[in-house]
Amino acid sequence: MQISNKYGLIYVITKLGLLFVYDLETASAVYRNRISPDPIFLTAEASSLGGFYAINRRGQVLLATVNEATIVPFVSGQLNNLELAINLAKRGNLPGAEDLVVQRFQELFSQTKYKEAAELAAEAPQGILRTPSTVAKFQSVPVQAGQTPPLLQYFGTLLTRGKLNSFESLELSRLVVNQNKKNLLENWLAEDKLECSEELGDLVKTVDNDLALKIYIKARATPKVVAAFAERKEFDKILIYSQQVGYTPDYMFLLQTILRADPQGAVNFALMMSQMEGGCPVDYNTITDLFLQRNLIREATAFLLDVLKPNLPEQAHLQTKVLEINLVTFPNVADAILANGMFSHYDRPRIAQLCEKAGLFIRALQHYSELPDIKRVIVNTHAIEPQALVEFFGTLSREWALECMKDLLLVNLRGNLQIIVQAQYSEQLGVDACMKLFGQFKSYEGLYFFLGSYLSSSEDPDLHFKYIEAAAKTGQLKEVERVTRESNFYDPEKTKNFLMEAKLPDARPLINVCDRFGFVPDLTHFLYINNMLRYIEGYVQKVNPGNAPLVVGQLLDDECPEDFIKGLILSVRSLLPVEPLVEECEKRNRLRLLTQFLEHLVSEGSQDVHVHNALGKIIIDSNNDPEHFLTTNPYYDSRVVGKYCEKRDPTLAVVAYRRGLCDDELVNVTNKNSLFKLQARYVVERMDGDLWDKVLNPENEYRRQLIDQVVSTALPESKSPEQVSAAVKAFMTADLPHELIELLEKIVLQNSAFSGNFNLQNLLILTAIKADSSRVMDYINRLDNFDGPAIGDVAVEAKLYEEAFFIFKKFNLNVQAVNVLLDNLRSIDRAVEFAFRVEEDAVWTQVAKAQLREGLVSDAIESFIRADDATHFLEVIKAAEDGNVYHDLVRYLLMVRQKNREPKVDSELIYAYAKTDCLAEIEEFILMPNVANLPNVGDRLYDEALYEAAKIIFAFISNWAKLAVTLVKLQQFQGAVDAARKANSSKTWKEVCFACVDAEEFRLAQICGLNVIIQVDDLEEVSEFYQNRGCFNELISLMESGLGLDRAHMGIFTELGVLYARYRPEKLMEHIKLFATRLNIPKLIRACDEQQHWMELTYLHIQYDEFDNAAATVMNHSPEAWDHMQFKDIIVKVASVELYYKAVHFYLQEHPDLINDLLNVLALRVDHTRVVDILRKAGHIRLVKPYLVAVQSNNVSAVNEALNEIYVEEEDYDRLRESTDLHDNFDQIGLAQKVHPFLLSFRGKNDKFELLLTGLDKTYEQIEKHELLEMRRVAAYIYKKAGRWKQSIALSKKDNHYKDCMETCSQSGDRELSEELLIYFIEQGKKECFASCLFVCYDIIRPDVALELAWMNNMLDFSFPYLLQFIREYTGKVDELIKDRIEAQKEEKAKEKEEKDVIAQQNMYAQLLPLALPAPPGMGGGYGAPPPPPPHMGGMGMPPMPPFGMPSMGSY
């Protein structure tokens, strides 16, 4: 049950789909019906619709609600319950009870029950009683003294029930205003009891403007709202309100109004207009002119600055205007605007001129674009800020800037020099050009200041030199000294030459240059020849003592006295670099000059290598016991002193090199002077590998001499093992085996101190193996203290197998020895003999592995057993399997099992038993404890067809699936089935099933098959297997048995259907009908189509909702598949429209007697024109007359034509007239002329088109000449509808149907036809018909013609009513035209007066403009729109007339 609060109804829904509707207040039954054929189990309220939702068992969602248009008439009419009908209408505001409510209202009013009448009017549905007439009724009631007026009772009832409409609100407010009770209005408006309107606002405005404004806003009386805001001077609210409601006020009028009272407010208003969406409604230029008319310059500027912030190109003229007016009146304002950079699109030349006139020279410079203008303005440096002028120079091109600078220098060189210097900081001018400019005016001061600013950032050598030169010229010696000391970019050679030529009193700049850039000799020479020795001493002692050697060298070249030089050297002492000083003196062969200086340094404890090198050179040259110095002095550089001694005494050089470990130098000097004995001793004692590599290098031509000295002298003299070891290693590294053997034999075999050395014996044997293998066996026999295993391995690698066997045997290494016999000598017999002799397990293992590799499996197994070795069982198993030696393998595996419990061993033992057919042993073994992998063993036995052994394994491990397959291989099918039952695996069942089928054990096969077909994936495979072997009956039996299974699925039912279709078609239909819901219909459809079972195929298509295919199947195979009732159900559900027309063809050919029944079913779906065309072509149009009559209501042309032809043939004029009257869409003669005019153009030209037109004419001529009067009247009617007025009138005249004639004339609108008809009536003497024709054809008959004919034929009395009506209508139209003309003239005069006022107001503008401004646009015209064209004068024709009659004449 659901309750509708909207309508006050109760919906009771039963489970069986029945709906009962009751009134909530009275419990009256309203309606009942079945809404669903299926049970309903759930309902829910549809509150917004006043109904409910329901869901039935089919899943359909139903929505039920009240039909608002019919429920009230239904209750009042069929239920005859007027009170309930009125209550329903009131509650739900429903239509249909209007008459009842009005009648009830009249009754109450007549009974003076005004309160009840008011309540009824307030509750009336859809407000049918809330009209002005109802208010008038209450107003008309006289007021009784001491009682509330009925009108106030009515309004009070309405206020308690809701909101008044606009008319009611106006009438009530009029009463309240008259009584001066404004507070009531405010309360009602606050409670939203009144409907606001413009008339209500006008009424309230007489007492309260604020309240009236609220009403105007609610009523959306936009013009009145704008006027109210304007009166209150709340202009900002006007824009906001206008945007909200989409209204466009007269902004110009509003702005002018604000300007008169509040200029600043006008600015704000204009800015608000400029920010409106869609752009400002008034042009900015026009707004600006309004401000300027009243000389409001500041306000105009403020407005323009705000609106021009976007800086758009199209605003260029406004930007120019705002700058012009301020440059003329307030230049400082214009300067501030330009400084802000707000604008970029104004007229720059014009603004530049005004800036120059206003004294804003820097702004003029920024705006001028011609050089003469710039040069004219720029000389006014007294009125221009220097910094601004400098920045301006940065904006000029290089050429223009230089031209302007020249003018400035020409005008005032000294005064403008600082500006020029600052302006030239700009890099775009180029330093070279600036220096050239100063050079032209010979201004070293300017050059000095200018270059001083660039010096720190420039790397140009010429700039730095120019600065040094300018500073020297201007006497800035300190700056010269600083730059020469700090700068790194001037040209040192050029600067040195300039300073030398300038001969400045201070030599420090020259000292800086020469010291920094290596011109010390030139400096020393310049100072010496200019007798500036003080600066030489100062330079050496204070500036750079490190360059003292260069100074000493130059002084020696200049032949300066030695005393001055010695004194200079001693004055700096330890600060003096010794090496370059010695070099300078040594180059000039004046080294003895330094003896005193060097001895002084040594006495002070100096350890400087250069000091001692120089002192040693002096001692060597003086031959003052040099060998003592070389051996005892620890500080000199051996390489330097040795080099110095080479040409003087090579032995001294060897002493020096030996002391300093100078290997290369010592080798070179001994080779050059043939001192090989010294060299050999040094090399042996040195023990350096790199030195040995060098002297033993094959490319050393002195190698042989050195080796001889080493072997004969150096090593025999040595007692150090390290030296001997280093020498031997060097010989080995140098790959000198023969020389090494000689060396070692001499050391080891000749009873020297190293004869029993372990390493040397190893080395001797190894060297012999490598260099002379014939000596190896002798060395092995003679030596005992060597590394046997290692030497043996080396011998094996060198393929000296017998020597290696002898070494291993000598050192009791039996495994290595037998490996040599097996792996290298390839002698298994010697190895077996050797194994018997030594009897070691490891040896037997090696022998066994070798035998296994050679394929001697039995011998290898025997050797493994002797070795008692169970570690290689995997190799043995593989070899035994390859050699099929399973009897020996059993012995070996039994031995292995005693040592290891490996799954592999036990598994292979079972397999070996199986291969040797020892089944009893297998059963005994698996019963014993074992670790065999029985599943894998079973699979292996099965794969190799050892089925008996596999059966034992599978049975033991309960692998029923494998056991079943194995039993199948053994042809034990019953046992296989039992095993498969235990396995319960689909795959097992399938394998056993297939095996039973192949063995024709169909009973067992069916048992297995039933367990297979319940698996969807395996069903098709089973079916194909049976069918491929021709077991159709058995397969069908299997499937039929499967239908009763609990797990039977769709595949079983479908597959059985396919089998029936192929092999048992007589059972197919029954099967489909029984199990239609459990079939895979698409698959069965394909099967039926292949087997050509058309009836079953049709049924399947219907069940699968493939109605198109079902219909096509029925029509293509009708002998078997057609059934009329079934086909009708199918054809209405098809999706393809073409099938409808195929069905029509099909029934015409095979079942014409049932075609009307079919067409009635398809009436709502087919194209009737196409159906008629099909039937016409078939020649059976009369056959479907019932169908045509049924569908003629659609007014289809082809249907109408076909029925009209049938009616003509049957002479059924009533039906024909009814058809043509009710259904006008048929191919008439007029239609042929209007719709197909091209057909007439082919008349006489083309036979086919001529035949078509002839056929159309013939059809209607047949009706026209028919012997029946009514048929001829129909013909006239058809002519009239077709627009053949003359033929229709002629035919009606012929049969004396004058009324038809007059109606045809009136409808034609043809004046000539109507006048001809009047003449015809006069000629026939039909006066009454003449008068009637004037009435019927009133619109088209000309009055003068009618009066003329009446007067000439004495029929004025019959025409007088027509004449009266015409005169009355004519005078009424004239009166209306005169009234419209007078009103138009008044409007025109009012507009002319308004235009004159606007023009007069605009002419005031010119008097307020500044002189510098151009005249504003529109001075000659006005802002108002042009006067409207005069109103269009209507025509003088008659008003439209109702058909077949005159309008009411009215009173005069």
Side-chain angles (χ1 to χ4, degrees), residues 822 828 831-832 835 841-972 975-976 979:
L822 293 171
I828 294 179
V832 172
D841 292 343
V843 174
W844 277 115
T845 298
Q846 297 299 323
V847 172
K849 289 193 289 184
Q851 292 171 335
L852 199 62
R853 287 195 297 269
E854 295 298 326
L856 303 174
V857 182
S858 297
D859 295 341
I861 290 175
E862 184 65 28
S863 297
F864 275 121
I865 293 173
R866 282 182 173 275
D868 197 20
D869 187 355
T871 58
H872 300 281
F873 62 88
L874 295 176
E875 294 87 345
V876 174
I877 290 170
K878 186 176 184 306
E881 290 177 353
D882 295 339
N884 198 19
V885 187
Y886 290 101
H887 290 284
D888 294 334
L889 180 61
V890 170
R891 293 171 48 226
Y892 175 74
L893 292 177
L894 290 173
M895 181 271 293
V896 173
R897 285 196 78 240
Q898 296 175 1
K899 294 181 175 293
N900 296 327
R901 288 290 183 176
E902 291 286 340
K904 178 70 174 177
V905 174
D906 289 0
S907 300
E908 290 298 330
L909 182 57
I910 294 173
Y911 181 74
Y913 280 143
K915 292 295 286 185
T916 56
D917 200 21
C918 298
L919 301 180
E921 285 79 357
I922 293 175
E923 293 179 352
E924 181 182 355
F925 180 81
I926 61 178
L927 292 174
M928 295 170 56
N930 63 85
V931 293
N933 192 341
L934 295 179
N936 290 345
V937 174
D939 293 340
R940 184 177 178 186
L941 295 174
Y942 177 83
D943 293 339
E944 297 190 12
L946 300 174
Y947 299 122
E948 291 292 344
K951 182 177 74 171
I952 297 171
I953 299 298
F954 290 141
F956 180 76
I957 63 175
S958 300
N959 190 341
W960 308 115
K962 288 290 186 179
L963 179 60
V965 178
T966 305
L967 292 173
V968 166
K969 294 294 185 180
L970 296 173
Q971 299 294 315
Q972 298 175 12

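Please read all numbers here as calculations on a predicted model, not as lab measurements.
- Residues passing the side chain to side chain contact (heavy atoms under 4.5 Å, CB included) test with K969, sequence neighbours excluded: Y942, Y947.
- The CG atom of N936 sits 10.5 Å away from atom CG of D943, with the distance rounded to the nearest 0.5 Å.
- The minimum heavy-atom distance linking L967 with A979 is given by the pair CD1-CB, 4.4 Å.
- To the nearest 0.5 Å, atom CD1 of residue I952 and atom OG1 of residue T966 are 11.5 Å apart.
- Sorted by first and then second residue, the salt bridge (charged side-chain N to carboxylate O under 4.0 Å, His left out) pairs with a member in residues 949-963 read D939-K962, E948-K951; sequence neighbours excluded.
- With sequence neighbours excluded, the residues that form a side chain to side chain contact (heavy atoms under 4.5 Å, CB included) with P935 are N933, I957.
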